Amino acid sequence: AKVNGRNQMSFYHPSMNRDLVRRREIEAELRQAVQRDELSIFFQPIVDLETGRIRCFEALVRWFHPEKGEMRPDEFIPVAEETGAIVTLGNWILAQAAQIAAHWPEHVTLAVNLSPLQIRTPGAALGILAALKEAGLDPHRLELEITESVLVDHDQTTEAFIAELSQAGVRFALDDFGTGYSSLAYLHKYPFGKIKVDRSFVSGSHVGKKSEAIIRAVSEMGSTLEMEIVAEGIETIEQVRTVREAGCTLGQGYYFSRAVPDYLATMLLAREQQT
Ligand code: C2E
Ligand code: CA
Ligand code: CA
Ligand code: CA
């Protein structure tokens, strides 16, 4: 770091250049990834903490790059958001996931993540309903996960999007709760059925008595508002106990299962049917 004339710090590090190059590469290759069949959708179960049964699967995109190997969405989703590629990519993910979910038992729902740009695209709500129809998935079985960042600079398009879809029966979950503004106004204004408490409160480095108290407070508020509380990032049996005692009714995390390919998701469901 060096100090500039006007007391501003500027940082230069060779890794910045590398990052930029890598982003450019990702941008170019992402465009071809769908055609080349390099993307696939994995599914992570969301489990009823009372019965242990699978209630939902969250669709999580994976990119198996021929040279770079498996790339995590945290590497390429932000690039896709910046370039606008997320709109096409997001439509593809939803359509694929809906087709797979249509084969699951009725009571199992599908959760799909939505980026802000997808919501602001004209005709987005109609597009989603058309994809559901095409796949034969009842709108009640779809849950769209959105973060507060979508709502912070919300406009009429966002409001119309949510209203249109929830009228058709699609449900909404507030994702990564506790990491953003966590404004109670959003909970009041929008029809969320679920709140997903961010992993950092469950298995992150800041876990302790304080985070437990926060989960408890969110759960109490949730049950008053008739919203279900999902604890994300559960990795141990102790964490299962803690979040249950704090009032969460649903859980997701490596303790139950990582995100798995669709045939393994089907196997998990088949195994449940036998018991
Ligand atoms: P998210 O929506 O918060 O998804 C949960 C992330 O936490 C997933 O990472 C999941 O694999 C990971 N996870 C689940 N359980 C555990 C656990 O017990 N411990 C730990 N350490 N991690 C756990 P993933 O799949 O890498 O996705 C990262 C983020 O990328 C997602 O965060 C979501 O914001 C975004 N993303 C993934 N797929 C899509 C997509 O199809 N569309 C959009 N717009 N975003 C996506
Ligand atoms: Ca999510
Ligand atoms: Ca999350
Ligand atoms: Ca996240």
Side-chain angles (χ1 to χ4, degrees), residues 26 30 33-34 39-47 49 54 56-64 69-98 100-101 109-121 124 128 131 142-150 171-180 182 192-207 215 218 229-240 242-243 248 250-262 264-265:
I26 291 173
L30 193 53
V34 174
L39 295 175
S40 68
I41 300 162
F42 275 36
F43 297 90
Q44 187 178 34
I46 298 174
V47 169
L49 291 173
I54 296 169
C56 176
F57 279 103
E58 178 176 1
L60 294 162
V61 66
R62 295 286 178 265
W63 184 1
F64 298 94
E70 182 181 337
M71 295 222 286
R72 306 285 302 192
D74 287 334
E75 277 186 88
F76 62 89
I77 292 283
V79 179
E81 282 171 344
E82 274 170 40
T83 60
I86 190 68
V87 175
T88 315
L89 182 61
N91 290 341
W92 180 83
I93 291 166
L94 189 111
Q96 297 285 308
I100 290 162
T109 59
L110 167 71
V112 177
N113 293 287
L114 277 196
S115 295
L117 203 60
Q118 286 179 266
I119 294 173
R120 297 204 189 97
T121 305
I128 289 172
L142 178 69
E143 203 153 43
L144 297 174
E145 297 195 357
I146 59 180
T147 58
E148 285 155 324
S149 60
V150 168
R171 289 180 279 186
F172 287 86
L174 189 54
D175 204 358
D176 298 352
F177 191 77
T179 58
S182 304
F192 291 109
K194 275 182 196 162
I195 299 172
K196 299 188 81 176
V197 177
D198 191 70
R199 178 168 92 220
S200 54
F201 295 91
V202 178
S203 57
S205 49
H206 303 302
V207 167
I215 300 176
V218 174
I229 311 300
V230 188
E232 292 188 318
I234 299 177
E235 295 181 353
T236 66
I237 181 72
E238 286 77 24
Q239 287 158 5
V240 175
T242 306
V243 300
C248 297
L250 297 169
Q252 178 178 12
Y254 295 166
Y255 175 74
F256 301 107
S257 170
R258 289 181 183 252
V260 296
D262 61 335
L264 279 182

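All residue numbers in this chain count up from 1 along the given sequence. Treat the numbers as computed from the prediction; the structure is a model and nothing was measured. Counting starts at 1 for both ligands and their atoms, in listed order.
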Would you tell me which option among [options] has the nearest heavy-atom contact to [atom]?
{"atom": "atom 30 (O) of ligand 1", "options": "Ser115, Ser257, Ala59, Pro73", "result": "Pro73"}
{"atom": "atom 23 (C) of ligand 1", "options": "Tyr254, Phe42, Trp92", "result": "Tyr254"}
{"atom": "atom 5 (C) of ligand 1", "options": "Ile146, Ile77, Leu60, Leu89", "result": "Leu60"}
{"atom": "atom 11 (O) of ligand 1", "options": "Met71, Arg258, Arg72", "result": "Arg72"}

Report the atom name of the nearest N/O/S atom of [X] relative to the Ca ion (ligand 3).
{"X": "Asp175", "answer": "OD1"}
{"X": "Glu232", "answer": "OE2"}
{"X": "Asp176", "answer": "OD1"}

Can you find a heavy atom in the side chain of Ile100 that is under 4.5 Å from one in the side chain of Phe57?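 Not in contact.
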
Do Leu30 and Trp63 come within less than 4.5 Å of each other through their side chains, counting heavy atoms only? yes

Heavy-atom pairs closer than 4.0 Å: do any link ligand 1 to the side chain of Arg199, the backbone, both, or neither?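 Within the 4.0 Å criterion, Arg199 contacts ligand 1 through side-chain atoms alone.
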
Atom name of the N, O or S atom in Glu145 that lies nearest to the Ca ion (ligand 2):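 Per the distance ranking, Glu145 contributes OE1 as its closest N/O/S atom to the Ca ion (ligand 2).
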
For the Ca ion (ligand 2), what is the closest N, O or S atom on Glu58? OE2

If you measure from each heavy atom of Glu81 to ligand 1, is any distance below 4.0 Å? no

Tell me every residue that passes side-chain hydrogen bond (donor to acceptor under 3.5 Å, both in side chains) with Thr109, counting only those two or more places apart in sequence or in another chain.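 Thr109 satisfies side-chain hydrogen bond (donor to acceptor under 3.5 Å, both in side chains) with no other residue.
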
Under the side-chain hydrogen bond (donor to acceptor under 3.5 Å, both in side chains) rule, collect the residues that match up with Glu58, sequence neighbours excluded. Asn113, Lys196, Gln252

Give a yes or no on whether the backbone of Gln239 and the side-chain of Thr236 come within a donor-acceptor separation of less than 3.5 Å. yes

Determine whether a donor-acceptor pair (N or O, by modelled atom type, separation under 3.5 Å) exists between the side chain of Thr147 and the backbone of Asp176.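 Judged by distance alone, no pair lies under 3.5 Å.
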
